[in-house]
S.K.: 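This structure is in structure tokens; I'll ask about it shortly.
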Amino acid sequence: MIGFGSSSVKPIVLSGIQPTGTLHIGNYFGAVKNYVALQDQYECFYSIVDYHAITVEHDPQELRKNTLAMAIDLLACGLDPKKCTLFVQSQVPEHTELAWILSAVTSYGDLQRMTQFKEKGELQEFVSCGLFTYPVLQAADILIYKASKVPVGEDQLQHIELARRIARRFNSRFGEMFPEPEALLTEAPRIMSPADPTRKMSKSLGPKHYIALTEPEESIREKIKTAVTDIGPRPEGEKSPGVANLFLLLKLTAPREIYEQFEADYAKGMLKYEPLKRTVAEYLVKTLEPIRARRAQLKEPEVKEILYEGAKRARAVARKTLEEARERIGVGRLIA
RNA sequence: AGGCCCGUAGCUCAAGUGGUAGAGCAGCCGACUCCAAAUCGGCAGGUUGGGGGUUCGAGUCCUCCCGGGCCUGCCA
């Protein structure tokens with residue numbers, strides 16, 4: 001058992017994961033694989049952020065299903081409840097209370113400048129206030145564990161910066177209590193959509209555009225086989241996005257010699273894409289096999305129990321931070 | 001609180017004064033291709049936001065409801 005709170009010597013990591021349902025290989029190679037690695041060096045809190053998911057239109061049953069599906073996939077990928085704390089955000093209500101407190105030290109102008117709000121807002125018919133204040137809840141997610149590191153992609157840097165500003169302002173007004181979190185930028189491979197390799201792999205683009213971790217073998221082979229390769233002319237000596245994507249997958253899944261052999265063939269201009277695709281599919285299937293096996297063994301009640309225990313552990317920490325914050329700003333207790 | 005506009009296929013939009021709900025893109029299948037792309041051939045796609053009404057007949061007119069946008073007023 002690991003120690004929590006002040007006795008811990010490992011730096012604290014927080015990452016929030018949107019409950020988008022099952023994971024795809026872009027999620028896995030881009031982020032989740034890294035989460036697994038971080039478990040050993042850091043004290044990790046991994047939160048499935050269902051309260052973030054409700055800021056845009058959603059189906060309640062779908063959300064519940066996706067939240068559990070996400071937990072199952074994360075565990076299958078190798079998140080180990082003995083090493084990290086995996087929990088569902090809404091099961092630790094302290095997050096939302098802290099978010100309200102933090103909203104009071106958040107600049108309206110700062111929120112207006114969030115590019116992700118502008119982008120997501122344009123896609124929505126109805127733009128909720130929650131979508132606007134989303135980054136404040138995100139700041140609370142991080143600060144409530146006094147996390148010092150947050151593994152994120154570049155698109156999230158602006159949000160981390162906001163969390164830092166919020167922490168700084170709170171600290172200067174009410175006394176030092178939140179460490180300023182830092183982004184933990186690890187080089188994450190960007191897996192592109194097989195059907196449109198100029199765009200990042202994503203479920204929202206449609207079924208042709210992603211490969212789920214749980215995808216049946218034949219379907220994986222089919223999607224790799226029909227993956228876009230060369231479209232039109234391209235600069236000399238430069239792989240087209242689709243081909244580069246296949247090579248990336250090969251690098252991530254196949255033994256080095258195999259990968260280098262294909263690179264050499266390509267350099268000599270002797271590469272046929274069909275064998276490349278066959279090989280990529282084969283090693284991808286092989287790589288996903290252990291995940292699939294672990295997933296098959298996970299039973300729902302067991303996963304729910306893990307989440308419940310995770311929430312309990314997270315809450316113990318969150319409650320302390322929240323109490324401290326309430327104390328500082330002068331609410332709750334009426335007699336000094 | 002009052003007024004105005006809007007809701008049609010997954011998406012963007014069409015359907016003079018009421019008269020068989022269509023197109024483009026996306027999607028699916030096939031041909032071509034080492035695999036793809038492009039191209040070609042084919043297929044599918046809808047309780048027209050919901051209920052009620054007028055009519056021989058309603059996407060279209062009336063009415064109520066739901067949802068979205070805009071203007072004005074009121075309150076601090």
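Throughout, protein chains are lettered first and strands after them, A, B, ... in sequence-line order, and every chain is numbered starting at 1.
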S.K.: State plainly whether the residues A/Lys320 and A/Glu324 are in salt-bridge range, i.e. N to O under 4.0 Å.
M.R.: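 No.
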S.K.: For the side chain of A/Lys208, starting at C-beta, report the closest nucleotide among B/C34, B/A36, B/G27.
M.R.: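 For the A/Lys208 side chain, the nearest candidate turns out to be B/G27.
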S.K.: Say we look at B/G30 and B/G46: how far apart would their P atoms be, to the nearest angstrom?
M.R.: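 After rounding to an integer number of Å, I get 23 Å for this pair.
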S.K.: Only pairs with both distances under 3.5 Å count, Watson-Crick or wobble alike; so what is the partner of B/A1 in this structure?
M.R.: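 When the pairing criteria are applied, B/U72 turns out to be the nucleotide that pairs with B/A1.
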S.K.: How far does the P atom of B/G18 sit from the matching atom of B/A23, given to the nearest Å?
M.R.: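 My reading of the P atoms in B/G18 and B/A23 gives 25 Å.
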S.K.: Just how far, in rounded Å, is C1' of B/G7 from CD of A/Glu57?
M.R.: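 It is 13 Å, rounded to the nearest whole Å.
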S.K.: So what's B/G7 paired with, Watson-Crick or G-U wobble, going by both distances under 3.5 Å?
M.R.: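 Pairing partner, where one exists within any strand: B/C66.
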S.K.: Are A/Val127 and A/Tyr51 connected in a single hydrophobic cluster, I mean Ile/Leu/Val/Met/Phe/Trp/Tyr linked by side-chain heavy atoms less than 4.5 Å apart?
M.R.: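 Per the 4.5 Å side-chain linkage, A/Tyr51 and A/Val127 are not co-clustered.
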S.K.: Taking only the P atom of each, what is the distance from B/C5 to B/U12 in whole angstrom?
M.R.: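 Per the computed distance, 22 Å lies between those P atoms.
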S.K.: Who does B/U39 pair with, Watson-Crick or G-U, both distances under 3.5 Å?
M.R.: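 Its partner is B/A31.
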S.K.: Among B/G68, B/A37, B/C35, which nucleotide has an atom closest to any side-chain atom of A/Glu125?
M.R.: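 Output: B/G68.
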S.K.: Taking the nucleotide of RNA chain B with the closest heavy atom to each, which residue, A/Phe126 or A/His209, is nearer the 5' end?
M.R.: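 Final value for this comparison: A/His209.
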S.K.: Under 4.0 Å between a side-chain N/O of A/Lys225 and OP1 or OP2 of B/A36, yes or no?
M.R.: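 Checking B/A36 against A/Lys225, a side-chain N or O does come within under 4.0 Å of OP1 or OP2.
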S.K.: Using the C1' atom in both, what is the distance from B/A31 to B/C13, to the nearest Å?
M.R.: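 Their C1' atoms lie roughly 32 Å apart.
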S.K.: Expressed in angstrom and rounded to an integer, what is the separation of A/Gln124 atom CD from B/G67 atom P?
M.R.: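 So the CD-P distance, A/Gln124 to B/G67, works out to 17 Å.
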S.K.: Could you tell me whether A/Lys299 and A/Glu302 make a salt bridge, using a distance below 4.0 angstrom between a side-chain N and a carboxylate O?
M.R.: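 Looking at A/Glu302 together with A/Lys299, the answer is no, because their closest N to O distance does not fall below 4.0 Å.
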S.K.: With rounding to the closest Å, how many angstrom separate the P atoms on B/G3 and B/G73?
M.R.: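 Nearest-Å result for B/G3 against B/G73 at atom P: 16 Å.
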S.K.: Using whole Å, what does the distance between atom P of nucleotide B/G10 and atom CG of A/Leu205 come to?
M.R.: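 After rounding, the reported distance stands at 18 Å.
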S.K.: Could you tell me the separation between the NZ atom of A/Lys223 and the P atom of B/C28, rounded to a whole number of Å?
M.R.: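 Between P of B/C28 and NZ of A/Lys223: 10 Å.
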S.K.: Using the salt bridge (charged side-chain N to carboxylate O under 4.0 Å, His left out) criterion, which residues pair with A/Arg190? Sequence neighbours excluded.
M.R.: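 If we apply the salt bridge (charged side-chain N to carboxylate O under 4.0 Å, His left out) test to A/Arg190, skipping adjacent residues, there are no hits.
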S.K.: Does A/Glu263 come within less than 4.0 Å of A/Lys239, counting only side-chain N to carboxylate O?
M.R.: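 A salt bridge links A/Glu263 with A/Lys239.
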S.K.: In this structure, how many angstroms lie between the C1' atom of B/A36 and the CG atom of A/Leu246, rounded?
M.R.: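 From A/Leu246 CG to B/A36 C1': 10 Å.
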S.K.: Searching all strands shown, indicate the nucleotide that pairs with B/A15 (Watson-Crick or G-U wobble; both distances under 3.5 Å).
M.R.: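 By the stated definition (distances under 3.5 Å), nothing pairs with B/A15.
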S.K.: Please report, to 0.1 Å, the donor-acceptor pairs under 3.5 Å made by any side chain of residues 241-257 of chain A, with sequence neighbours excluded.
M.R.:
| from | atom 1 | to | atom 2 | distance (Å) |
| --- | --- | --- | --- | --- |
| A/Asn245 | OD1 | A/Met192 | N | 2.9 |
| A/Asn245 | ND2 | A/Met192 | O | 2.9 |
| A/Thr253 | OG1 | A/Leu249 | O | 2.7 |

S.K.: Could you check A/Glu222 against A/Val228 and say which one's nearest nucleotide on RNA chain B is further toward the 5' end?
M.R.: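 So the residue in question is A/Glu222.
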S.K.: Over how many whole Å does the gap from A/Leu123 atom CG to B/G68 atom P extend?
M.R.: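 Taking atom P of B/G68 as the reference, CG of A/Leu123 is at 17 Å.
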S.K.: Nearest whole angstrom, please: distance from the P of B/C35 to the NZ of A/Lys272.
M.R.: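 Atom NZ in A/Lys272 sits about 10 Å away from atom P in B/C35.
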S.K.: Measuring only the P atom in each nucleotide, how far is B/G24 from B/U33? A whole number of Å is fine.
M.R.: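 My reading of the P atoms in B/G24 and B/U33 gives 28 Å.
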S.K.: Checking base pairs now: Watson-Crick or wobble, both atom distances under 3.5 Å. What partners B/A21?
M.R.: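 When the pairing criteria are applied, nothing turns out to pair with B/A21, so the answer is none.
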S.K.: Within this structure, what is the CE-to-P distance between A/Met270 and B/C34, rounded to whole angstrom?
M.R.: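 One finds 16 Å between P of B/C34 and CE of A/Met270, rounded.
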S.K.: Which value, in whole Å, describes the distance between the P atoms of nucleotides B/C28 and B/C70?
M.R.: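 About 37 Å, rounded to a whole number of Å.
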S.K.: I'd like the P distance from B/A44 over to B/C29, given in whole Å.
M.R.: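 Per the computed distance, 15 Å lies between those P atoms.
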